Amino acid sequence: MATSGGHVFATVGTTKFDLFIRTLTNDDVLRELARRGYSSLTVQFGNGLFEPKAGIREGVKVECYRFKDSIIKDIKDADLVISHAGAGTCLEVLERNKKLIVVINEELMDNHQTELADKLFKEHHVFCCTPASLCRLIQSMEFTHIRPFPPGETLTIAKFLDEVCGFGTTPPTQ
């Protein structure tokens, strides 16, 4: 449970993930965030066509923006981050020991993001869901099972991504 007045930051990076943003900002999810002790939500909605509405809804103050030069301050200020499964975003959040829910975009082809999210979930660093299961996850999430991301683990994840994406091949010899 968040402390009273907890803050959530949600991000899709530079992508378009309207289903996630639409789901996140619906009344059921906002009500559940409030029930869990979160009183504010900042939404970075990227290149999406759906633009969420700012204001106070279901007891949660919602602020929205498309892009900033950097989201690091938003990550640092958050008690909980809910993010697309972009590798850079996930690693930025985990390196700062923030609680993280990774939302999988099932519409992506050759979805390496899913493989990364599954690996981080299996290692007990994050929670994973789809937009359809986001509200249920927020209702049931228990952070006592989440393990901190070890310092230096970024290189292991980078190697994993190289292998998954086919970049882990031996360099050609001359």
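Small disclaimer: the values here were computed from a predicted structure and weren't measured.
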### Results of side chain to side chain contact (heavy atoms under 4.5 Å, CB included) for Asn26 - residues two or more places apart only
Thr23, Asp28, Val29
## Note on the structure
Between the CD1 atom in Ile21 and the NZ atom in Lys16, the distance rounded to the nearest 0.5 Å is 13.0 Å
### Message
Could you work out, with side chain to side chain donor-acceptor pair (under 3.5 Å) as the rule, every residue matching Asp74, not counting sequence neighbours?
### Response
Tyr65, Lys68
#### Entry: With sequence neighbours excluded, residues passing ring-ring contact (aromatic ring centres under 6.0 Å, His included) with Phe20
Phe17
### Message
Are the side chains of Lys99 and Val81 in contact, using a 4.5 Å heavy-atom criterion?
### Response
no
#### Entry: Straight-line distance of Ile138 CD1 to Phe127 CZ, nearest 0.5 Å
11.0 Å
### Message
Name the residue from Val12, Leu24, Val93, Thr11 that meets the side chain to side chain contact (heavy atoms under 4.5 Å, CB included) definition with Ile82.
### Response
Leu24
### Message
Among residues at least two apart in sequence or on other chains, which ones pass side chain to side chain donor-acceptor pair (under 3.5 Å) with Asp27?
### Response
Arg57
### Query
Does Lys122 have any side chain to side chain donor-acceptor pair (under 3.5 Å) partners at least two apart in sequence or in another chain, and if so, which?
none
### Query
Taking only residues two or more places apart in sequence, or in another chain, which ones meet Arg96 in a salt bridge (charged side-chain N to carboxylate O under 4.0 Å, His left out)?
Glu92
### Message
With a 4.5 Å cut-off on side-chain heavy atoms, are Phe9 and Asp79 touching?
### Response
no
### Query
Passes side-chain contact (heavy atoms from CB on, under 4.5 Å), His84 versus Ile104? Steps please.
CA-CA 6 Å; His84 73 124; Ile104 304 296; over 6 Å; no
### Task
Considering only NZ, NE, NH1 and NH2 on the basic side and carboxylate oxygens on the acidic side, decide whether Arg36 and Glu32 come within less than 4.0 Å.
no
### Message
Once side chain to side chain contact (heavy atoms under 4.5 Å, CB included) is applied, do any residues pair with Ser40, and if so which ones, sequence neighbours excluded?
### Response
His7, Lys61
### Query
In this structure, are over 12 heavy atoms from other groups packed under 6.0 Å from Lys98 atom NZ?
yes
### Query
When rounded to the nearest 0.5 angstrom, what distance separates OG1 in Thr130 from CG in Leu19?
8.0 Å
### Query
Any salt bridge (Lys or Arg N to Asp or Glu O under 4.0 Å) pairs touching residues 80-89, not counting sequence neighbours?
none
### Query
Are Val103 and Phe143 linked, directly or through other ILVMFWY residues, by side chains that come within less than 4.5 angstrom of each other?
yes
#### Entry: Nearest-0.5 Å distance that lies between atom SG in Cys90 and atom NZ in Lys119
13.5 Å
### Task
Report the residues that fulfil side chain to side chain donor-acceptor pair (under 3.5 Å) with Gln139, sequence neighbours left out, ordered by chain and then residue number.
none
### Query
Checking Gln44 side chain against Ala10 main chain: does a donor-acceptor pair fall under 3.5 Å?
no
### Query
Quick one: does Ile56's side chain get under 4.5 Å of Val62's, heavy atoms only?
no
## Note on the structure
Rounding to 0.5 Å, atoms CZ (Arg147) and NE2 (His124) come to a distance of 5.5 Å
### Task
Identify the residue among Leu30, Leu41, Val60 that makes a side chain to side chain contact (heavy atoms under 4.5 Å, CB included) with Val8.
Leu41
### Query
Glu142 and His145: side-chain contact (heavy atoms from CB on, under 4.5 Å), yes or no, with the steps?
CA-CA 7 Å; Glu142 186 57 56; His145 304 306; 4.1 Å; yes
### Summary
Rounding to 0.5 Å, atoms CG (Leu33) and OG1 (Thr25) come to a distance of 11.0 Å
### Query
Are Val126 and Ile101 side-chain neighbours, meaning at least one heavy-atom pair lies under 4.5 Å?
no
### Query
Can you name the closest pair of heavy atoms from Gly13 and Phe67 and give their distance?
O-CE2, 3.7 Å
Solution key, residues 45-55 side-chain donor-acceptor pairs under 3.5 Å, sequence neighbours excluded:
{"unit_1": "Asn47", "atom_1": "ND2", "unit_2": "Thr14", "atom_2": "O", "d": "2.5"}

